[in-house]
2 protein chains.
Amino acid sequence: MLKISKKSDYALMALQHIASVQFGDITPGRVVNTKEIAEEYNIPLELLAKVLQVLSKNGFIESHNGPKGGYLLARSARQITIAQILESIEGPLALTDCSHEKEGEFCMQREHCNIRTPLLKIQDSIYQLLNNMTLGDMLGGTPLITIQSPSTQGVER
Amino acid sequence: MLKISKKSDYALMALQHIASVQFGDITPGRVVNTKEIAEEYNIPLELLAKVLQVLSKNGFIESHNGPKGGYLLARSARQITIAQILESIEGPLALTDCSHEKEGEFCMQREHCNIRTPLLKIQDSIYQLLNNMTLGDMLGGTPLITIQSPSTQGVER
DNA sequence: ATGATCTCCGATCTAAATGGTCGGATAAAG
DNA sequence: CTTTATCCGACCATTTAGATCGGAGATCAT
């Protein structure tokens with residue numbers, strides 16, 4: 001349950017890879033192309049390409065066309081949160097259909113629904129979790145995930 | 001993204017309803033049957049029936065056959081966590097396929113996978129979240145969800 | 001300029017999961 | 001022994017995820 005899609009998996013791997021190449025010691029600033037990532041992680045090329053297009057359209061990476069082309073991180077790895085990445089691929093976080101109900105949609109259970117409020121709270125907490133971890137945190141054997149709270153600093157790993 | 005299934009929705013509603021009837025002021029200890037719940041919340045009867053069967057098989061509720069039959073909470077609402085309910089309907093919490101990899105399964109990305117560890121951490125945190133909220137918490141306008149962590153006590157939202 | 005190598009974009013296919021349905025077996029109350 | 005309920009398993013339809021294909025438009029090296 002609560003599985004994220006393969007596309008999201010691929011997006012995370014690709015971004016992590018691009019970031020690590022770009023800010024790594026070996027070839028800093030190097031452009032990374034789709035094929036390289038696909039081969040490294042055994043991801044179907046075309047599917048990965050589509051994922052990267054979305055990421056580029058959403059401003060996470062910038063694309064450079066032509067030979068020697070490829071992708072480059074568009075902003076700092078510390079400014080990209082897991083929540084942002086996942087939402088850009090899979091749409092807004094929503095445990096239940098009614099959490100972002102648009103006009104015209106209708107929830108048959110709504111009138112007597114007894115679980116909406118608590119579920120929204122949980123959803124909120126999950127969002128915080130995902131939005132407090134950045135791509136930067138995923139690089140290296142770095143610090144890592146914490147629960148956001150004024151009173152909790154650096155609960156590591 | 002991260003949506004829970006309708007079945008889970010129904011399970012939560014049903015359990016909340018059963019619990020609130022059973023421990024409510026009006027008719028404490030009353031048995032609740034499937035049709036009552038289905039009508040109250042506009043849930044397809046047969047589908048709800050199947051969900052309740054699973055919940056009963058998993059020890060959340062006990063079934064009483066025959067006319068005047070129905071369901072009854074099998075243990076205290078405070079001892080039933082949201083995580084338990086969801087897992088009993090949708091299977092174990094797993095952000096990614098590789099989190100509970102069995103023998104014979106194989107992850108093509110595994111050898112160079114760079115996101116497994118951080119994702120497992122997130123998954124863990126989500127699990128804590130879901131496992132710290134009980135059915136009892138969902139009744140009434142009660143206290144509510146906290147983040148479990150040795151160093152974090154009562155971060156309320 | 002021309003071909004090679006890329007990104008870009010849209011249409012399409014397949015398989016699996018999900019939501020929902022049906023029919024009948026079994027058990028208990030009246 | 002009929003009614004009312006749970007139980008159980010098979011089944012179908014729709015949606016979504018995952019993957020594929022074909023080609024158009026940049027860009028760079030030669």
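Below, chains carry the letters A, B, ... as their sequence lines are ordered, and counting in each starts from 1. Side-chain atoms are counted along with the backbone in the values below, which use heavy atoms only and exclude waters and symmetry mates.
- When rounded to the nearest whole Å, the span between CG of B:Leu52 and C1' of D:dT6 equals 10 Å.
- In this structure, the side chain of A:Glu87 engages the main chain of A:Leu93 through a donor-acceptor pair within 3.5 Å.
- Near DNA chain D, meaning a heavy atom under 4.0 Å away, there are no residues from residues 29-39 of chain A.
- Atom CG of A:Leu55 and atom C1' of C:dT7 are 14 Å apart (whole Å).
- Atom CG in A:Asn42 sits about 17 Å away from atom P in D:dG18, given to the nearest Å.
- Between B:Glu90 and A:Lys3 there is no salt bridge, since no side-chain nitrogen of the basic residue lies less than 4.0 Å from a carboxylate oxygen of the acidic one.
- Listed by chain and number, the hydrophobic cluster partners of B:Ile26 come to none, as no ILVMFWY side chain reaches under 4.5 Å of it.
- Partners of B:Tyr127 according to the ring pair (Phe, Tyr, Trp, His ring centres under 6.0 Å) rule, which considers only residues two or more places apart in sequence or in another chain, do not exist here.
- Spacing between atom CD of B:Glu62 and atom C1' of D:dA5 amounts to 16 Å, rounded to whole angstrom units.
- With rounding to the nearest 0.5 angstrom, the CE atom of B:Met138 is 5.0 Å from the CD1 atom of B:Ile82.
- Rounded to an integer number of Å, the gap from B:Gln53 CD to D:dC8 C1' is 6 Å.
- In this structure a side-chain-to-backbone donor-acceptor pair under 3.5 Å is present from A:Gln109 to B:Tyr41.
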| field | Candidate pair B:Arg75 and B:Glu62, rule salt bridge (Lys or Arg N to Asp or Glu O under 4.0 Å), full reasoning | value | CA-CA 9 Å; B:Arg75 41 193 166 113; B:Glu62 56 185 45; over 6 Å; no
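- Summarising the hydrophobic clusters (Ile, Leu, Val, Met, Phe, Trp, Tyr; side-chain heavy atoms under 4.5 Å, direct or chained), the residues clustered with B:Leu72 are B:Val31.
- In terms of modelled atom types and a separation under 3.5 Å, the side chain of A:His64 and the main chain of A:Gly70 share no donor-acceptor contact.
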Please write out the pairs of protein N or O atoms and N or O atoms of nucleotides 26-30 of chain C separated by less than 3.5 Å, giving the distance to one decimal.
{"residue": "C:dA27", "atom": "O4'", "partner": "B:Asn65", "partner atom": "ND2", "Å": "3.3"}

| query | Could you write nucleotides 13-25 of chain C as a row of B, S and -, 5' to 3', where a protein heavy atom under 4.0 Å of any base atom gives B, of only sugar-phosphate atoms gives S, and otherwise -? | reply | ------SBBB---
